[in-house]
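None of the values given here were measured: they were computed from a predicted structure.
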Amino acid sequence: MEKPNRKYKRLLDARRKLFFGQGKLESLCDMLQRMNRYYRGRDCIVEKVGKNTVTHTVDDFYSDVLCAAAFLNSRGFQKKHAAIVGENSYSWLVAFFAVSCLGAVAVPIDRELTDSEIAKLCKKADCSAVFFSRTYKNAALECKTDENFLTVCLNGENCGESISLGNLIHEGGKLLESVTAKESILCAKPGDAAAIVFTSGTTGENKGVVLTHRNFASNVYAVLGVIEPVYSAMSVLPMNHTYELSCCVFSALCLNAVLYINDSLRHFQKNLLEFKPEAMAAVPLLMDNIYEQIIKSADATGKLKKLMRAARLSRTLLKAGIDIRKLLFSSIRERFGYRLPMIAVGGASVNGERARFLAALGFNIYIGYGLTEASPLVAVNDDVLFNCESVGKCVSCTECRILSPDADGVGELAVRGSNIASVYYGEADATALSFKDGWFLTGDYGRMDKNGKIYISGRKKNLIILDNGKNIYTEVLEAFFAENCPFIREAVAFEHTRRVNGETVKLLALAVSIKEGFFENESDDKMLEKVSREIYLLNEKLPAYKRIADVMAVRHEFEKTSTMKIIRKNVEEEYKKYTDLRDKSHA
């Protein structure tokens with residue numbers, strides 16, 4: 001990629017002005033065609049293939065998508081559904097755009113699922129094809145329902161009866177030679193379904209959210225209306241989730257910000273130094289890792305106290321309008337290739353103090369709130385340095401309101417707008433429960449202040465309502481203990497029913513995962529004793545009804561989805577087994 005110097009930026013800014021000067025983006029087809037019209041000849045997507053770094057231009061991307069769509073069109077694939085499962089890659093994106101811009105429906109599937117789970121979702125979405133990377137060959141075979149089911153390998157040569165994406169593109173290119181109006185193949189309309197994206201299913205069955213081209217286009221405009229324009233970005237999170245796909249990938253393509261694809265979380269730091277991206281989407285766990293690496297490095301060199309003092313000084317000066325972060329934290333900037341990336345954090349509850357600390361160092365941190373049903377963005381906080389508790393205000397295309405607020409103004413958050421879906425695929429009952437009179441009921445409780453800033457309390461599904469009518473928002477409780485106990489890596493609070501002295505009682509339990517480096521020379525029983533003591537001491541700072549009655553402490557991380565959300569039901573099941581064994585051993 002050409003170095004983004006002043007001349008590079010000036011030329012790209014002129015192209016961007018033409019791109020956005022065509023009016024509001026209406027669809028992914030519109031996006032692709034504008035890219036071809038205004039960004040031709042420019043670098044687009046960069047990825048690692050083995051030990052090589054491969055650059056794909058806008059011309060490559062448009063041509064490959066068009067040829068792949070031509071092949072699918074010749075098979076009568078319009079309006080059909082195609083699953084996509086595999087690692088983040090250029091080929092993954094070609095498959096997604098070819099399917100959705102043709103007028104068919106792409107079904108991105110979580111690659112962390114088992115083969116049978118992948119096949120189940122493929123069937124649930126009525127797929128007639130699956131695009132898969134070699135790693136998921138067996139899953140693709142399990143998805144196949146009959147001889148007409150199309151299987152396409154995203155990398156390598158033809159695999160058995162499957163055609164490779166490269167050969168599919170080649171065959172599509174030959175078909176295009178006889179087509180006069182080639183762009184007419186990319187014929188999806190704004191109101192057409194572009195994708196069926198399954199929710200993560202952390203507390204129940206995955207639901208397929210039907211997102212239209214207009215939904216995605218509206219989300220991109222909302223993102224670009226909030227963030228500062230950048231000239232490069234790195235894709236880190238799985239593309240099968242709307243957060244990564246819509247907020248990071250689509251936004252980068254619209255800006256012609258070169259999109260670097262991180263090949264593995266193991267290589268994250270290495271790729272940061274090599275690619276020096278200006279922006280990325282992240283989940284809190286990734287932000288926490290960056291924070292902890294900085295803290296650990298400073299501690300190892302005896303400079304932690306100095307770093308903390310500098311961070312406090314930086315915050316004080318910023319309040320006065322003085323920014324000397326580049327001078328104060330030059331050694332940290334060096335570790336990131338002298339370019340601290342803009343980090344948009346979402347997907348779960350964020351540790352506000354850590355976000356504030358990174359912002360004080362010079363990271364441009366945005367805290368976002370969204371859901372798959374919103375394509376996914378609902379609100380963004382761009383003032384993390386001075387208010388890290390709020391998720392910000394609703395984005396331009398979305399309207400929010402609080403339903404049935406209590407005395408504290410807390411109620412269920414409802415949203416509507418051009419980025420909001422209106423249906424779950426094949427699930428009339430679930431659709432009727434969640435989509436009412438044009439509003440989507442998010443299932444999240446929160447409040448809104450007089451300035452329109454939203455504060456999320458927790459998920460409706462995780463809300464504990466006590467017999468006395470008191471409400472406990474588990475996420476707030478978890479954050480309290482995690483922020484006040486240095487040994488806690490993760491925490492999950494829940495209500496559990498147990499038999500005590502022959503009677504059934506309800507207990508408020510807390511399951512905690514212990515950070516590495518703590519209690520390493522202690523037995524599990526001794527670790528639990530010390531952890532419980534700290535938890536019970538902190539209980540004194542809480543109202544009686546919020547106090548923890550039982551603790552589970554484990555050394556391993558809790559099981560998560562591919563976007564690093566803890567699967568709560570699995571933690572509760574582990575807690576039950578844990579307490580059963582503990583009770584037997586102490587009997």
Salt-bridged, [X] to [Y], with N to O below 4.0 Å?
| X | Y | value |
| --- | --- | --- |
| Lys515 | Glu557 | no |
| Glu573 | Lys577 | no |
| Asp437 | Arg416 | no |
| Lys124 | Glu117 | no |

> What distance do Phe440 atom CZ and Glu373 atom CD have between them, rounded to the nearest 0.5 Å?
Replying inline: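 Here the interatomic distance stands at 3.5 Å.
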>> I need the full list of ring pair (Phe, Tyr, Trp, His ring centres under 6.0 Å) pairs touching residues 504-536, with sequence neighbours left out, sorted by first then second residue.
In response: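 Matches after skipping sequence neighbours: Phe487-Phe519.
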> Under the side chain to side chain contact (heavy atoms under 4.5 Å, CB included) test, which residues partner Lys541, sequence neighbours left out?
Replying inline: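 Per chain and number, Lys541 pairs via side chain to side chain contact (heavy atoms under 4.5 Å, CB included) with Phe480, Leu538.
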>> Between Ser246 and Asn219, is there a side-chain donor-acceptor contact under 3.5 Å, judged purely by atom types and distance?
In response: yes
>> Walk me through whether Lys560 and Glu490 qualify under salt bridge (charged side-chain N to carboxylate O under 4.0 Å, His left out).
In response: CA-CA 11 Å; Lys560 301 178 185 67; Glu490 301 159 346; 2.5 Å; yes
>> Has Glu478 got a side-chain atom pairing as donor or acceptor with Ala493's backbone, closer than 3.5 angstrom?
In response: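 Yes, Glu478 side chain to Ala493 backbone: donor-acceptor pair under 3.5 Å.
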>> Between Val209 and Leu371, does the side-chain contact (heavy atoms from CB on, under 4.5 Å) criterion hold? Intermediate values first, please.
In response: CA-CA 10 Å; Val209 182; Leu371 313 102; over 6 Å; no
> So Arg354 and Glu292, salt bridge (charged side-chain N to carboxylate O under 4.0 Å, His left out) or not? Walk me through it.
Replying inline: CA-CA 9 Å; Arg354 292 185 172 190; Glu292 287 170 3; 3.1 Å; yes
